[in-house]
Amino acid sequence: MSGQVIMIERAAPRDGIIEEPEWSPKGYCLGDPKFGAEKHHAKNAVFVKTLDEAAELVSKGFSLRMVGPGKRASLVSPKSLRIVRN
């Protein structure tokens, strides 16, 4: 996949403001669907270092923490995300 660019977008961003995956010192934060209603709890967070890894997990049903200007980060379900590969 050399040279391929990957982006993960929120399909319907809040208030029309573009959101992107939130980067933290631990990496991109995802919620594992096996934790159900508690997947957003910090103790259940899954972190990855690349968008490729994040996209792979989103395609397996993981939620991804997204953030935009003036917006608090929120865990977004995979059905509300779009993976774009150029």
Restricting to non-hydrogen atoms, name the atom on Pro78 and the atom on Gly61 that form the minimum distance, rounded to 0.1 Å. CG-O, 3.5 Å
Linking directly or through intermediates, with side-chain heavy atoms under 4.5 Å: list the remaining ILVMFWY members grouped with Leu75, chain and number order. none
Residues 7-22 vs side-chain hydrogen bond (donor to acceptor under 3.5 Å, both in side chains), sequence neighbours excluded, gives Glu9-Arg82, Arg10-Glu19, Arg10-Ser74, Arg14-Glu19, Asp15-Lys71
Tell me which pairs pass side-chain hydrogen bond (donor to acceptor under 3.5 Å, both in side chains) where either residue lies in residues 29-40, with sequence neighbours left out. none
Within a reach of under 6.0 Å around CD1 of Ile18, are more than 12 heavy atoms found that belong to other residues, nucleotides or ligands? no
What one should report as the nearest heavy-atom pair of Lys49 and Gly27 is NZ-N, 4.2 Å
Checking one residue: Met66. Which other hydrophobic residues are in its cluster under the side-chain 4.5 Å linking rule? Ile6, Ile8, Trp23, Tyr28, Leu30, Val46, Val48, Leu51, Leu57, Val58, Phe62, Leu64, Val76, Leu81, Ile83
Per the side-chain hydrogen bond (donor to acceptor under 3.5 Å, both in side chains) rule, what does the pair list look like for residues 54-64, sequence neighbours excluded? Glu56-Lys60
